[in-house]
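The structure presented is a predicted model; accordingly, all values stated were derived computationally and were not measured. Nothing fancy with the numbering, it's 1 onward along the sequence.
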Amino acid sequence: MVVASKRAGFWRRHRRLKWVAGALLLVIVALGVAVAVLMHRAEPILREVIVEKLQEHFHARVELASFHISLVNGLWAEGKGLKIWPPSEVVGVTVPGATPPLMQLAEFRFHAPLHYKPGKPIRISVVELKGLDVDVPPRTHFTHVASDGGSSGSSKPAMSTLLHFVVNRIECDGARLRIETSKPGKLPLEFDIAHIKLTDVTEGGPMRFDAQLTNPRPAGMILTSGNLGPWVVEDPGETAVSGSYRFEHADLGVFKGIAGILNSTGDYHGVLRDLVVDGQTDTPDFRLTHFGTPVPLYTHFHAQVDGTNGDTWLQPVDATLGQSHLTAVGQIVRQQEKTLKDGRTLPSGHDIELRVNVDRGHIEDFLRLASHSGTPMLTGVLALKTALEIPPGKETVLERLTLNGNFSLDDTEFTSTKIQNWVEQLSLRGQGDPKAAKNAGSDVRSAMQSDFQLSGEKVSLPNLKYTVPGAEIDLKGTYGIDGSTLDFVGTARTEAKVSQMVGGWKGLLLKPADRFFEKDGAGTLVPIHVNGTREDPKFGVDLKRMKHSSPEMPGESH
């Protein structure tokens with residue numbers, strides 16, 4: 001009773017303290033309610049500012065599914081489900097009504113300080129984006145009409161005059177850029193961007209970017225940096241872009257038939273729809289997987305790229321394969337899958353058409369690629385011109401590759417001792433020196449030239465002319481790349497007569513036969529065949545053809 005009486009007396013003596021505590025509690029509650037109300041009212045205001053600002057910039061419909069803010073350690077804002085459609089309120093430009101969004105953004109987040117001075121911009125240090133999809137329509141999507149000189153857009157006062165934001169940096173993870181094409185049968189061009197950073201973000205000016213692009217085939221990461229913009233609202237495909245790139249450790253093994261690790265660097269400039277690219281590639285272990293013999297390949301290229309579909313025009317490619325120099329011009333275009341009238345289906349993919357010129361070549365560099373052992377069939381100086389085509393398909397590159405052109409070889413020597421000895425004997429006997437032919441060992445070089453076609457892993461040579469001192473061989477036939485099989489027929493002509501080629505007492509006995517082999521100014525003209533394989537060739541005189549072509553063979557009479 002005494003304690004309770006003392007407590008009651010205390011509160012009677014300190015009634016003011018009781019009222020002050022109650023008042024402070026009410027103030028705190030009121031402030032909390034006020035902040036909650038302000039936050040609730042500020043969210044739609046800021047949301048409207050963001051939507052209006054984007055609508056002003058893109059002259060298009062903008063939607064924002066949700067937007068929330070927090071005042072913990074400054075102003076934090078985050079939104080989800082942002083969609084921006086192509087411009088529909090630009091003077092002189094109209095777009096179809098049913099159009100997919102130009103941009104879709106899954107999430108965004110940014111931070112700004114709480115202090116604000118009228119007339120001064122609110123500076124945002126970084127805007128974080130996730131799940132950005134940009135779908136650039138084709139140029140034909142935009143219909144340009146005559147301007148009436150008026151202004152477009154809403155006439156209501158812009159709320160952005162009250163609030164003005166400046167962004168220092170934009171960071172984005174998981175973006176995709178898709179550039180549509182109006183060309184029938186062409187696939188759009190897509191870029192998967194793992195990460196991109198934009199700096200120097202100013203309205204109406206270019207932005208600096210650093211990006212990591214995921215390249216699907218061949219798999220690898222492309223690091224690139226440069227400048228983008230200013231953004232062309234009337235036609236985003238005309239937005240300027242320039243920069244440099246680096247592509248490292250790209251495995252070419254994903255393409256059936258070839259292999260090697262490629263590295264590439266270069267620069268590009270232009271607009272999204274039309275890029276000019278200058279670069280170089282280095283593949284020190286380029287090879288055909290069927291044979292597996294590596295040959296270093298280096299290229300320097302100048303190309304024009306249609307950004308709407310990835311079609312590339314090479315103007316030209318300057319390449320070095322081993323010690324051989326070649327140039328190529330042509331195009332690499334992407335085709336959609338289509339069914340022909342006869343029911344056959346042409347698969348989607350890249351169709352490659354090039355004109356190749358080997359002006360300082362060595363045949364051994366090219367033959368080494370098509371050799372299991374790495375030992376070429378012959379060596380020599382090569383000059384070649386050909387049309388090359390690799391259509392899309394699931395088969396290996398070698399199976400799809402077709403060539404149609406001509407070549408010449410000089411200073412040629414076979415790596416097979418057996419073949420080279422035969423060449424030397426042919427040359428010496430053709431000059432009428434059979435004694436030297438018995439001890440063949442001289443350094444005889446030959447030359448050859450022909451048109452050629454390669455298709456289905458088989459080389460066809462319709463007019464192969466092979467010459468050595470004292471002899472000339474004309475052949476036609478095929479060479480199978482896979483099994484190195486030879487199948488040729490033709491004629492051999494020599495300067496010497498048959499008796500001179502044989503020499504000695506046998507030559508004396510053959511003197512009466514010389515007249516049967518002399519023809520068309522040649523000392524000797526006989527039909528021959530070459531078959532077997534590259535490692536074990538078979539040479540012989542075609543007696544059946546000789547009989548039919550000569551009505552008076554030795555020992556025969558009508």
Side-chain angles (χ1 to χ4, degrees), residues 251-253 255-263 281-300 317-328 352 354 356-386 388 390 396-403 405-420 423 443 445-450 452-461 464 466 478-486 488 530 532-537:
D251 188 355
L252 300 179
F255 303 111
K256 289 184 178 180
I258 63 174
I261 302 300
L262 176 144
N263 297 292
T281 68
D282 186 14
T283 312
D285 57 346
F286 180 75
R287 60 194 183 275
L288 302 176
T289 52
H290 184 77
F291 300 99
T293 303
V295 178
L297 174 64
Y298 174 82
T299 72
H300 186 279
V317 175
D318 190 278
T320 301
L321 177 70
Q323 296 180 347
S324 299
H325 176 262
L326 63 140
T327 59
I352 302 173
L354 301 175
V356 181
N357 179 26
V358 180
D359 55 352
R360 299 190 303 275
H362 297 269
I363 186 62
E364 57 267 33
D365 292 324
F366 297 89
L367 293 179
R368 191 173 285 115
L369 278 175
S371 167
H372 290 289
S373 64
T375 302
M377 181 179 181
L378 51 87
T379 63
V381 179
L382 171 68
L384 177 147
K385 291 184 178 180
T386 184
L388 176 152
I390 305 176
T396 66
V397 171
L398 191 59
E399 290 172 324
R400 289 179 283 131
L401 172 67
T402 60
L403 298 174
N406 58 77
F407 74 93
S408 65
L409 273 173
D410 292 307
D411 199 26
T412 304
E413 186 175 13
F414 286 88
T415 57
S416 167
T417 302
K418 180 178 180 179
I419 299 177
Q420 187 61 26
V423 170
D443 188 17
R445 301 300 174 96
S446 53
M448 65 179 73
Q449 62 183 36
S450 179
F452 70 93
Q453 295 85 38
L454 183 152
S455 180
E457 301 185 73
K458 181 179 287 187
V459 180
S460 298
L461 301 168
L464 176 63
Y466 179 77
T478 60
Y479 171 68
I481 295 177
D482 189 17
S484 300
T485 55
L486 304 167
F488 290 91
V530 182
T533 65
R534 188 191 74 174
E535 290 77 15
D536 187 22

Item to complete: For H362 and S324, work out which heavy atoms get closest and say how close.
Response: N-OG, 2.7 Å

Worksheet item: Looking at side-chain heavy atoms only, is the closest gap between Y479 and T485 below 4.5 Å?
Response: no

Item to complete: Look up atom CG in D411 and atom OG in S446, then write down how far apart they are to the nearest 0.5 Å.
Response: 9.0 Å

Worksheet item: Side chains of F452 and T386: closer than 4.5 Å at any heavy-atom pair?
Response: yes

Fill in: Nearest atoms (heavy-atom pairs only) where T379 meets T415
CG2-CG2, 4.2 Å

Practice prompt. Side-chain contact test, heavy atoms from C-beta onward, threshold under 4.5 Å: evaluate it for I261 versus L252 and give yes or no.
Written response: no

Item to complete: Apply side chain to side chain contact (heavy atoms under 4.5 Å, CB included) to the pair N263 and T281, showing each step before the final yes or no.
Response: CA-CA 6 Å; N263 297 292; T281 68; over 6 Å; no

Discussion item. Do I419 and L378 have side chains that approach each other closer than 4.5 Å (heavy atoms only, starting at C-beta)?
Written reply: no

Item to complete: Would you check if H325 and D359 make a side-chain contact, meaning some heavy-atom pair closer than 4.5 Å?
Response: yes

Discussion item. In the structure I gave you, are the side-chain heavy atoms of M448 and I363 within less than 4.5 Å of one another anywhere?
Written reply: no

Practice prompt. Kindly indicate, with the supporting measurements, whether the criterion side chain to side chain contact (heavy atoms under 4.5 Å, CB included) is fulfilled by V358 and F407.
Written response: CA-CA 9 Å; V358 180; F407 74 93; over 6 Å; no

Practice prompt. Might you point out which heavy atoms bring T402 and S455 nearest each other, and give the distance in Å?
Written response: CG2-OG, 4.0 Å

Worksheet item: Rounded to the nearest 0.5 Å, what separation is found between the CZ atom of R368 and the CG atom of L321?
Response: 9.5 Å

Fill in: Between OG1 on residue T327 and NZ on residue K385, distance to nearest 0.5 Å
9.0 Å

Worksheet item: Just by distance, do the side chain of T412 and the backbone of A447 share a donor-acceptor pair under 3.5 Å?
Response: no

Discussion item. Donor-acceptor check, side chain of D365 to backbone of Q323, threshold 3.5 angstrom: yes or no?
Written reply: yes

Fill in: side chain to side chain contact (heavy atoms under 4.5 Å, CB included) between D318 and Y298, intermediate numbers included
CA-CA 8 Å; D318 190 278; Y298 174 82; over 6 Å; no

Worksheet item: Would you say L369 and L367 make side-chain contact, with heavy atoms under 4.5 Å?
Response: no

Discussion item. What's the separation between atom CG in N357 and atom CG in L326, rounded to the nearest 0.5 Å?
Written reply: 8.5 Å

Worksheet item: Which atom names give the shortest non-hydrogen contact between V295 and G322, and what distance separates them?
Response: CG1-N, 3.6 Å

Practice prompt. Give, for atom NE2 of H300 and atom CG of D282, the distance between the pair rounded to the nearest 0.5 Å.
Written response: 13.0 Å

Discussion item. Keeping E364 on the side-chain end and G380 on the backbone end, is there a donor-acceptor pair under 3.5 Å?
Written reply: yes

Worksheet item: In Å and rounded to the nearest 0.5 Å, what is the CD to CZ distance from Q420 to R445?
Response: 7.5 Å

